[in-house]
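For reference, the structure discussed in these notes is given below.
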Amino acid sequence: MAIEKSATENYRAAELFVEWLERQITCSGRGDDDTFLDVEPSGKYWLGRLASEDFVANSGLGERGERLEPCAQGIRLRPRDEGPWKFSIRVWAVCWIRGKDRVWRKSERIDEKFSVTVEASSASQTFGRTSLDKALSRIAGTPGLSAEIRTELGSCTNGGAELAIILVNTSPETHKILKDTRLYECKLEISGLNTRPFILEALPDSFRYDRRIEAYGVNCGVSSTVEGDLVTVDTVTASKARPRFWGSTEAEPDLSFESLERNPVSSARGLRDALARWGAEVWGQDALKRRANRYDWSPQMLAEAEAGARDFKEELDRIAYGVELLEKNDLLRRSFQLMNRAMSISSRGKYVNWRPFQIGFLLANLRAIVEPELESDIVDIVWFATGGGKTETYLGLVVTASLFDRLRGKTTGITAWSRFPLRMLSLQQMQRFADAVASAEIVRREANISGAPFSLGFFVGQGATPNSIKEDAPSGDPWDPDDELMPDRLRVLRTCPFCNHETIRMVFNRVLWRLEHQCVSEGCPWPERALPFYVVDEEIYRFLPTVLVGTLDKAALIAMQASMRGFVGAPWGLCSRDGHGFVYAPRAKRQNGCLVPGCESLRGDLPIAESLFGLTFRLQDELHLLRDSLGAVDAHYEALYDGLEQELCGFKPKILASSATLTGYERQAEVLYRRKARVFPQQGPSAVEGFWTAHSESLMRRYVAVAPRGVTIEYAVDRLLTELQRNVRRLSSEPERVCHEIGIDSRYAPDLLSLYGTDVVYGNTLRDLDAVVRSMETQVQVVGRLNTDSLTGRTEFESVREILRRLEKPEPDFQDRLHLISASSMMSHGVDIDRLNVMVMLGIPLTTAEFIQATARIGRRLPGLVFVVHKIGRERDAGVFRSFPKYVEQGDRFVEPVPVTRRSRRVLERTVAGLEMARILMIHEPNSKVSLATLRALKKYIGSSRFTFSGELDALVAYLGLNADVDPNICSDLERWMRGFERNIVDPLPGMQFPSDASPTGKPMRSLRDVEEQVPLFLNRIP
Ligand SMILES: [Zn+2]
Ligand SMILES: [Zn+2]
C-alpha cells in the first residue's frame, strides 16, 4: 500500500511540475515577469502582443499577415438570446517605452472595464475608444497609442446570430516619441452575456462524441473563468487523460500471468461474465433510449448506436467462444497456459498481469489458431491508444500459436512473420520480441515439448543487415567474414533474452557459417553457445525461425530468392550436415542447395510434412501507413504470398494488423488483403467510457498550441527550448526554491530533472529540422553544456542504438546527458522511452495519424507536455489552431482515409514480373527438381508441359482476384505481358540469359519501396 501511495504522489508531483513549466513558458513568451529590456521587445516576445493596424495593413500580406502578426484578438461566440445584447468588456494591456538611456521599460498595465450594447441591427460597431485612448496615454506618458473594441455581427452556420468581439490596436505605425506602438500582454474579457455553443461541422455527428465548442478565439485561444466569463488566452490548450484499462464498476478479475497459467478457464470466464454484465447495462435497449433522450439524438444517431450495440454483442460472442475453446481443446489450453508462463518470465516482474483488453483480444482470436479455415478470411486489427501494450498482445497470441504448433506436430518452420512498414523497427521492439521468444523456449524445454528450439529472425532491408556473408567477399563489402569488427556491427540485441544480462558477444562462426549472438554469462539458462537469433537473411532461410520480425519492403525478395520458399511452403530438404539447416534450389556454387559455402553434403529429408511449413500468421504493424503506391504494390505481393501458400500448403495464413486509426480500415483491408476486417476492441458507448478503456483522473498529456506573433517559427522554437532548458535546470541549481514555487517537496527535484530534462523537437521535413538544429546550436543559450543529437532517417543504425541507450540509461550527471533531440517521423514508431516527456512540434504534420503517433511518444508513463508551434501562415495550421482542443480530443475522427487501390495498371506493370518470377521459383523450380536459374533451363522445363503460359495467366488472375468483366484493362495488360514473356522465352533476344530478362516490363522490384513516391510516409527518408 505504501508503494501504491508514493506512486500516486510522484505522479501528482509530475502533474504539478508540468502545469508550472507550461506557465513559465507562456509567461516568458509574453514578458510577464520582465520590467526592463536592453533589446527591442518586438524581437523578444511572441505571445500576447498586438501590432498597429496600420502596420499590418501596410505589410501587404493580407489575411496571412494578419495571422503572422495580428493587430487584433478577440472572441467569436453565439449569443443565446435575441439582441440587443448588453454586456461588460474588460481590457488589459501594457506598452514598452524606450528611454534616453536606450533601455526599454515596461509601462503600468491598463485595466479598463466598460459596458456595451450591441444592436441586433448593426453589422459592426465600435466601443471604448475614448477610455482606452485615455488609459493608454496615461501609461505611455504621451498621447498617440490607441485601441478600440469592434463588434461584428453575422449569422452562424449553425443558425442564429454570431458575434465577434475584438480588441484592435488602432495606434499609428510609427510615433515620434514612442519607438514601438505595439501593445503587449493584451487580454480581453467578456462578462454578462449568455451564449450557446457552436457545433463543429467539420466532424460528422456521432452518438459517441461531443461536437460543441463554447466559443472560438480570434488569433488566440479562449477560456471560461469560474464565474462563467469568457477571456482570451495566448495559447490554446487541450489535455488528454491517462486511460484506465478497466471500465466496469465491478472488481477486476484476476488476470495475473500466474492465475492464467494455473487456471485459465476460470479467469477467462470471469472476464467474459463481467463484459456481458457491463454490456447489458450500457448497450441495452433501455440504456440507449435513456441516452437518446438525454443527448437529443437524431433517429440516425440512435440507429448508429444500435449498430454499435450489435458490434459489441459480436465481440462478446467471440470472447465467449474463445473461453469455450479453452474449456474443450486440451492442446490449446496447454499452449495458452504455457504462454502465460512465458510472459511472466519475459516481463521479469516489471508487470505481473495482463490488462483486460489484452486477454480480451487473445480470447477473441484463439479461434484463428484452432479453426484457421474459418478465420483466415478476416483481418483482425488491434486498435488501441499507443502505449496500451499492443506488442505484448500480439506476442501473446504468437507465442500461443507457436506452442500449439509444436504440440500439433509442427516441430520446425515459421509460425509468424511480423512486418513493419518502416526501417525504424526499433531495436527496443526487437528486444521485446526476443524476450518473448526466449521465454517461450525456456518454457518449451521445461515442459519437454519436442521440436526445434523457438527462435527469432530479424529480416530487414539491406544496409542494416546482410543478405548473406560471402566467403570471397569483394573488397569494400561491409560484411566481410575476415573483418573482425563486422560481427559487432550486426549486434541487434543488447541484453541476452534468456538471462537479461548485458553479456552478449558477437562472433562469426566460420565452421557453421553463422553470425552468432553469444551470451557469455555463467548462469545463462540457454545451454548452447549461439542464441537462437538470426540476422543474416541466408541464416533465416537455413533455420526458418519460429518468429520473424522485419520490414515489409523485404517481401519483394521472393521473386529473386529461391531460398525464400520456407515463407510460403516447405524447403527442398535438410542438409545432412549438422548445423547447416534447410536446403533449397541447386545453383552453380551449391549443387545440393545448401547455403553454407562449399558444402557438398547430401540433401536429407524434411522432418515434417510439407504442408506443415505454411505460416499461421502474417502480421502487419502500422497498417495505416500502407497507402498510396506502397499500399498498391504490397496488395499484389500479399496476394502472391497468399496464393503460393494456398497452392503449396492448402491454406492461407491469418492476418493480424495494428493500426493507429480506424478511418476507412474496412476498405483498406479489402484492397490489401482481399479479406474482411474486424477491429478489437470495439469502442464504448461514448468517447470517454468503455469496458476495455475509460478516462482516468490523471493527466496523460498536455497539448499547448502556440501561434507565434511577429517572429519566425525558428525563433519561437529557440525561445521555447531555451526556456524549457533554463527552467528545468533550475531544478538542479535551486531545487528548494523551484519546488516551493511548484508546491511540491524538494525531494522530487532529481527525478523531475531526469524525466523532463530532455526535449524532443519534432519536425515534419528535414529542411525544418536542419534549420532548427543549426539555430539550436547557437541560439539556445543556457548555463552549462547543451548536448544535442538527432533521430531521423539519416541517423546511422549504430547511432540510433547509442542514442536510445543514452536516453534510457542517462548519465549520472545532468551536464553529460542528452538535452535536445531533433526527430523526424522515424521516432514516431516504436521508440518507447519513459524519459521523453517534453516535445516541441514544428507545424502540424501532413496527416493527423502522424500527429497522433508522434505526440504519443511523449508522456508514456508520466504526464507529458507538447508544444505545438503552428505555422500559422498556412491554412491547414490555422484551421487546426482554431479547433485545437477537438483536434486533440477527437483526433482519430480527423484522420484522413487512407488512399489505396489494388487495381492500378501502372502498379501492375511494376509488380507483374515479380509475381511470375516468384511462381517460377516457388512452384515450378521445385516441381522440376533442377535449377531453373537460366532461361535455357526454363525453356527446357516449359517443353516438359508442366508449365503453360495460359496456366500462369490464370494463376495470376486468381491470385489477384481479378475478373475480366470488372477489370478488363488490367486483365488485358496481364495477358499482353504473358504473351511478351512467352515470346522472349521461345525466341530470346541476344543477351537474354536469365528468366527475369524475358520479362517485357523489366526485372522484378528489389524492394517494395522501389516505387516509393509518397516519401513523407516512410521513416527512412523524409523530404
Ligand atoms: Zn544469457
Ligand atoms: Zn550443408
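Counting starts at 1 for both ligands and their atoms, in listed order.
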Within Cys499, is some N, O or S atom less than 2.8 Å away from the Zn ion (ligand 1)?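 Yes, within the cut-off.
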
Glu808/Arg805 under salt bridge (Lys or Arg N to Asp or Glu O under 4.0 Å): CA gap, chis, key distance, verdict: CA-CA 5 Å; Glu808 267 185 340; Arg805 191 192 60 74; over 6 Å; no

Could you check, using the six-membered ring where one of them is a Trp, whether Trp417 and Phe567 have ring centers closer than 6.0 angstrom?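 Yes, the ring of Trp417 comes within the 6.0 Å limit of the ring of Phe567, centre to centre.
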
Hey, would you say the Tyr394 and Phe433 ring centroids sit under 6.0 Å apart?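 Distance test on ring centres: not under 6.0 Å, no.
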
Check whether Phe994 forms a cation-pi arrangement with Arg936 (NZ or CZ under 6.0 Å from the six-membered ring centre, at most 45° off the ring normal).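 Arg936 over Phe994 ring: no.
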
Six-ring centre of Phe245, Arg355 cation under 6.0 angstrom, axis tolerance 45°: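 Verdict for Phe245: a cation-pi partner in Arg355.
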
Three-point angle Cys496:SG, the Zn ion (ligand 1), Cys519:SG, rounded to the nearest 10°: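 With the Zn ion (ligand 1) as the vertex, SG (Cys496) and SG (Cys519) sit 110° apart.
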
So does Arg577 have more than 12 non-hydrogen atoms from other groups sitting under 6.0 Å from CZ?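 Atom CZ in Arg577 is not packed in, count stays at 12 or less.
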
Above 12 or not: heavy atoms from other molecules or residues under 6.0 Å from NZ of Lys1003?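 More than 12 within 6.0 Å, yes.
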
Closer than 2.8 Å to the Zn ion (ligand 2), which protein N, O or S atoms?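 Result, waters dropped: Cys575 SG, His580 ND1, Cys594 SG, Cys599 SG.
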
